[in-house]
2 protein chains.
Amino acid sequence: MRMHNPPHPGEIIKSFCLEPLGVSITDAAKALGVSRKTLSAIINGRASISPEMAVRLSLAFSTSSESWLNQQSQYDLWHAEQSRNRLKVKRLAA
Amino acid sequence: MRMHNPPHPGEIIKSFCLEPLGVSITDAAKALGVSRKTLSAIINGRASISPEMAVRLSLAFSTSSESWLNQQSQYDLWHAEQSRNRLKVKRLAA
DNA sequence: AATAATGTAACGTTATAGGTTACAGTGTAA
DNA sequence: TTACACTGTAACCTATAACGTTACATTATT
């Protein structure tokens, strides 16, 4: 299990994409082709990066869509792993 | 962009987990602690592997939950990439 | 013939990604 | 001080999806 609570991908967008470029959430939302509400929710950790949003981010910031979706997966998985011990699952293979 | 349409994770479960062990969908669903319908939908590509399901699979088959969720991400992303050219996104960074 | 396994339809609940509109708060520039 | 831009977020909408139970038809296998 991963040790530390991974940051929500929204923090990465803010710190490594918007702030360095001096782009506001409002303008970034326009560039991404989504509503301000949608981007704001992601930035503030109240929504996830969907596969389509990962592609949008990759287009806007010349990155890989994979890296964005992987960040979301790792965030989601860390939280799912927190209830690992509470799941009643029988082992089928060693 | 990845070249080939990645298989749905359900095919992996069937081919590499259930069949080698001779375990039925019905029994596997019981072991995983989900309904037969839920597992059947995944195996037949009509549902996705959720983060919690990835943890269940990792418990049942002694694998990493990460590998299961990554398979799902790559499957989802491949499909999202198919509409990359149709998304109206303005580049914000080179 | 009886049983097991399967796919799937029909119904439900809950959650989430997306939208629009509107309002309140903050900061900044004229 | 007034005006404007930016922000968070609430309230409302829709569509999709992950889960559940029950039920039915089909195909195997015993």
Side-chain angles (χ1 to χ4, degrees), chain A residues 8-11 13-15 17-60 65 68-69 71-73 75-77 79-83 86-89 92, chain B residues 8-11 13-15 17-60 65 68-69 71-73 75-77 79-83 86-89 92:
Chain A
H8 190 281
E11 299 179 32
I13 299 177
K14 189 178 184 184
S15 303
C17 298
L18 303 194
E19 287 176 356
L21 294 170
V23 178
S24 69
I25 292 180
T26 301
D27 286 345
K30 284 177 189 162
L32 289 165
V34 300
S35 73
R36 180 171 67 87
K37 178 202 168 183
T38 294
L39 183 57
S40 174
I42 291 172
I43 299 270
N44 291 286
R46 290 181 295 104
S48 301
I49 294 185
S50 66
E52 184 182 295
M53 183 61 72
V55 176
R56 290 184 189 276
L57 290 167
S58 77
L59 287 164
S65 55
W68 290 111
L69 203 56
Q71 283 179 57
Q72 185 64 54
S73 291
Y75 178 84
D76 292 341
L77 198 50
H79 290 277
E81 286 283 3
Q82 303 311 300
S83 40
R86 264 161 280 151
L87 299 179
K88 286 168 191 163
V89 176
L92 288 172
Chain B
H8 191 281
E11 299 178 32
I13 298 177
K14 189 179 184 184
S15 304
C17 299
L18 303 195
E19 286 176 355
L21 294 170
V23 177
S24 70
I25 292 180
T26 301
D27 287 345
K30 284 176 191 162
L32 288 165
V34 300
S35 73
R36 180 172 67 87
K37 179 203 168 179
T38 294
L39 183 56
S40 173
I42 291 172
I43 299 272
N44 290 287
R46 290 180 295 103
S48 300
I49 294 185
S50 66
E52 184 182 295
M53 183 62 70
V55 176
R56 290 183 188 276
L57 290 167
S58 76
L59 286 164
S65 55
W68 289 110
L69 203 56
Q71 284 178 56
Q72 185 63 54
S73 291
Y75 179 84
D76 292 340
L77 198 50
H79 290 277
E81 286 284 3
Q82 303 311 301
S83 41
R86 263 162 280 152
L87 298 178
K88 288 169 190 163
V89 175
L92 288 172

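When reading the values below, keep in mind they use all heavy atoms of this one structure, side chains included, and skip hydrogens, waters and symmetry mates.
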- line: Whole-Å distance, A/Met53 CE to C/dA17 P, equals 10 Å
message: Can you tell me if B/Ser50 touches the phosphate of D/dC19, counting only side-chain N or O atoms and a distance under 4.0 Å to OP1 or OP2?
response: yes
message: Tell me if the side-chain of A/Lys37 makes a donor-acceptor pair with the base of D/dG8, cut-off 3.5 Å, by modelled atom types.
response: no
query: Does a side-chain heavy-atom distance below 4.5 Å link A/Gln71 with A/His8?
result: no
field: Side chains of A/Val55 and B/Leu77 in contact at under 4.5 Å (non-hydrogen atoms)
entry: yes
query: Whole Å only: how far is the NZ atom of A/Lys30 from the C1' atom of C/dT20?
result: 15 Å
query: Has A/Thr26 got a side-chain N or O lying under 4.0 Å from the OP1 or OP2 atom of D/dT7?
result: yes
field: d(CG, B/Leu69; C1', D/dA18) in whole Å
entry: 14 Å
- request: For B/Leu32 and D/dG20, give me the distance from atom CG to atom C1', rounded to whole Å.
  value: 16 Å
task: Give a yes/no on whether any side-chain N or O of B/Ser24 is located under 4.0 angstrom from OP1 or OP2 of C/dA4.
output: no
statement: When rounded to whole Å, the CG to C1' distance for the pair A/Leu39 and C/dT16 reads 17 Å
- request: Measure the distance from CD1 on A/Ile25 to P on D/dT7 and round it to the nearest whole Å.
  value: 5 Å
Atom pair OG (B/Ser24) and CD (B/Glu19), whose distance is rounded to the nearest 0.5 Å: 12.0 Å
message: Any base atoms under 4.0 Å from B/Ser35, or only sugar-phosphate, or nothing? Heavy atoms, all strands.
response: base
query: Taking A/Ser40 for the side chain and A/Lys37 for the main chain, is one N or O donor matched with an acceptor at less than 3.5 Å?
result: no
query: Taking atom types as modelled and ignoring hydrogens, do the side chains of B/Glu81 and A/Ser65 form a donor-acceptor contact shorter than 3.5 angstrom?
result: yes
message: In this structure, how many angstroms lie between the C1' atom of D/dC6 and the CG atom of A/Leu18, rounded?
response: 13 Å
- prompt: Does B/Arg36 or A/Ile42 map to a spot on DNA chain C nearer the 5' end, using the closest nucleotide for each?
  reply: B/Arg36
task: Would you tell me if any nitrogen or oxygen in the side chain of A/Ser40 comes within less than 4.0 Å of OP1 or OP2 on D/dT7?
output: no
- line: Between NE2 of A/His8 and C1' of C/dT16 the distance, given in whole Å, is 12 Å
task: Test for a donor-acceptor pair under 3.5 Å between the base of C/dG7 and the side chain of B/Arg46, counting only N and O atoms.
output: no
